Amino acid sequence: MRSTIAVDGFRKLTAMSRATVSQFAGVRDLVKYVPRRALLYIPGSNQKMLDKVPNIKADCVVLELEDGVAMTSKHLARQQVVKSVDRLMTNRHDLKCFELGIRVNSVSSGLIEEDVTELSKAEHLPNAFMVPKVDSSEELAAVFDVFRRHYGAKRVMDTNTRLVIWIESARGMLDMPRILASALNLHKNSGFFKLDAVVFGSDDYCADIGAQRSADGNELVWARQRFVACCKAFQLQAIDAVFIDLKDMGGLKKYSEEGHRWGFTGKQVIHPSQVEIVQNAFMPTAEKVEWATELVHAFSQHESQGKGAFQFRGQMIDRPLLLQALNIVQMVERVGQQS
Ligand SMILES: CC(=O)SCCNC(=O)CCNC(=O)[C@H](O)C(C)(C)COP(=O)(O)OP(=O)(O)OC[C@H]1O[C@@H](n2cnc3c(N)ncnc32)[C@H](O)[C@@H]1OP(=O)(O)O
Ligand SMILES: O=CC(=O)O
Ligand SMILES: [Mg+2]
């Protein structure tokens with residue numbers, strides 16, 4: 001299996017690299033790196049599915065209050081999610097995922113106020129709050145405001161709760177740089193909700209621009225590539241489109257591998273049967289892990305000699321390549337610890 005090879009490859013190299021990698025803690029926040037290869041939705045209205053969360057091995061589990069929940073079940077879903085988050089976070093060390101998040105309804109839906117009112121009654125917070133359909137920086141300001149009013153800034157700050165947002169419209173896509181910059185600024189000014197990842201809401205995006213989903217996915221090429229570039233410009237994780245054809249495992253693998261090649265860090269999944277295929281596709285190969293680990297080591301040695309650029313396996317290496325290598329090493333280190 002691809003992931004096992006990569007993790008084993010990493011383990012052989014890890015003793016050498018870990019001390020070296022830690023020297024670059026200022027370059028990337030190594031401690032808080034959260035792998036999000038597969039981000040699985042669990043509708044909050046479905047208690048049977050919620051009960052499965054402790055054993056789910058998706059990197060990121062999303063307790064869903066938005067489009068996976070019928071309008072008539074929003075109240076039930078909120079109540080079930082409040083109970084689940086308390087139960088799950090009380091025993092958080094037993095969870096198999098790296099991150100437990102809650103996706104609330106969007107600002108434009110008018111439902112977020114009720115969501116946050118109910119969620120703030122839980123004793124625990126999730127690892128991340130997740131906000132769909134962010135179309136403007138003004139909406140983001142409203143998101144910070146509603147959480148501050150119901151939880152109090154201190155409560156959100158003390159738990160170091162992260163923020164993940166969805167871009168799902170033409171307007172959001174065109175305004176992405178402004179939206180991402182203002183999310184990071186709002187965090188700087190308020191001290192809470194560090195934006196860590198951005199998700200491409202491809203189904204809503206298609207609806208918004210009037211595109212029809214096709215088997216070859218050409219209608220999304222421009223948007224997916226712009227999306228990755230915008231995320232990476234702000235050093236944020238980029239999570240790729242959902243693949244709704246539950247029986248087409250070959251197609252899922254193909255699109256997952258393509259997403260990985262294009263720079264995405266992970267993919268949304270809707271069914272447990274999709275998790276492993278997606279996780280394997282977003283795992284670096286053993287060769288890539290070896291390359292990254294040795295590069296980080298070589299960078300450290302050259303930097304101590306005052307050299308910023310140097311040759312490594314016939315390639316010119318400088319800081320951007322170091323960052324790419326650190327991404328790989330951090331991902332595999334976290335996954336290796338978990339497995
Ligand atoms: C575009 C977007 O916004 S995507 C986000 C919104 N959408 C969602 O949240 C949908 C999430 N997914 C689902 O709700 C479900 O997977 C569905 C409705 C699509 C299919 O569910 P089912 O018809 O039950 O699928 P299936 O019969 O294959 O399920 C097999 C088992 O997996 C479980 N399962 C299926 N999906 C999930 C899930 N997302 N999380 C946890 N368990 C699940 C089922 O409960 C069932 O368990 P069982 O064997 O103990 O009975
Ligand atoms: O929220 C996800 C989407 O594809 O829309
Ligand atoms: Mg959506």
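All of these numbers come straight from a predicted model, not from anything done at the bench. Counting starts at 1 for both ligands and their atoms, following the listed order. No hydrogens, no waters, no symmetry mates; every other heavy atom, side chains included, goes into these values.
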How far is atom 37 (C) of ligand 1 from the closest protein heavy atom, and which atom is that? P272 CD, 3.3 Å
What atoms of ligand 1 come closer than 4.0 angstrom to any heavy atom of I42? 40 (N), 41 (C)
Part of Q268 with heavy atoms under 4.0 Å of ligand 1, whether side chain, backbone, both or neither: neither
Strictly distance-based, threshold 3.5 Å: is any side-chain N or O of S45 a donor or acceptor partner for the main-chain N or O of A77? no
Has ligand 2 got any nitrogen or oxygen that is less than 3.5 angstrom from a nitrogen or oxygen of E168? yes
Kindly state whether the ring of H260 and the ring of F282 have centres lying under 6.0 angstrom apart. yes
Candidate with minimal heavy-atom separation from atom 2 (C) of ligand 1, of M49, K52, K247, R103: R103
Looking only at protein heavy atoms, identify the closest one to atom 51 (O) of ligand 1 and say how far it is in Å. K48 NZ, 2.6 Å
For a distance under 2.8 Å, give residue and atom name for each protein N, O or S atom next to the Mg ion (ligand 3). E168 OE1, D204 OD2
Salt-bridged, R319 to E303, with N to O below 4.0 Å? yes
Strictly distance-based, threshold 3.5 Å: is any side-chain N or O of R162 a donor or acceptor partner for the main-chain N or O of E99? no
Please examine the side chains of F129 and T161, heavy atoms only from C-beta on, and report whether any two atoms are closer than 4.5 Å. yes
For atom 19 (C) of ligand 1, what is the nearest protein heavy atom, given as residue, atom name and distance? L246 CD1, 4.0 Å
When distances are taken from atom 31 (C) of ligand 1, the protein heavy atom at minimum range is H271 NE2, 4.6 Å
Out of curiosity, is Q268 lining ligand 2, as in a heavy atom under 4.0 Å away? yes
What are the two closest heavy atoms between H124 and T90, and how far apart are they? NE2-OG1, 3.4 Å
Check: Y255 side chain, D216 main-chain N or O, donor-acceptor pair, under 3.5 Å: yes
Side chains of F98 and V335: does their closest heavy-atom pair fall under 4.5 Å? yes
Is a salt bridge present between D59 and R37, judged by a nitrogen-to-oxygen distance below 4.0 Å? yes
What protein heavy atom sits nearest atom 9 (O) of ligand 1, and how far away is it? Y41 CB, 3.4 Å
I'd like the name of whichever of S273, G201, G68, S45 reaches closest to atom 8 (C) of ligand 1 through any heavy atom. G68
Backbone or side chain, does any N or O of I270 fall under 3.5 Å from an N or O of ligand 1? yes
Considering both backbone and side-chain atoms of R103, is one of its nitrogen or oxygen atoms within less than 3.5 Å of a nitrogen or oxygen in ligand 2? yes
Keeping the roles fixed (side chain from K194, backbone from N160), state whether a donor-acceptor pair exists under 3.5 Å. no
Donor-acceptor contact present, side-chain T285 to main-chain K288, <3.5 Å: yes
What is the closest protein heavy atom to atom 4 (O) of ligand 2, and at what distance does it sit? D203 N, 2.8 Å
Report yes if some N/O of D203 lies less than 3.5 Å from some N/O of ligand 1; otherwise report no. no
Do the side chains of E258 and R224 get close enough for a salt bridge, i.e. N-O under 4.0 angstrom? yes
For residues R313 and E294, determine if any side-chain heavy atom of one lies less than 4.5 Å from a side-chain heavy atom of the other. yes
If you measure from the Lys or Arg side-chain nitrogens to the Asp or Glu carboxylate oxygens, is any gap between K133 and D67 under 4.0 Å? yes
Please work out, at 4.0 Å between heavy atoms, whether the side chain, the backbone, both, or neither of Y205 comes within that distance of ligand 2. neither
Can you report which non-hydrogen protein atom sits closest to atom 14 (O) of ligand 1, along with the distance? P43 CG, 3.4 Å
Mark the output for P132 as yes if a heavy-atom distance to ligand 2 is under 4.0 Å, and as no if none is. no
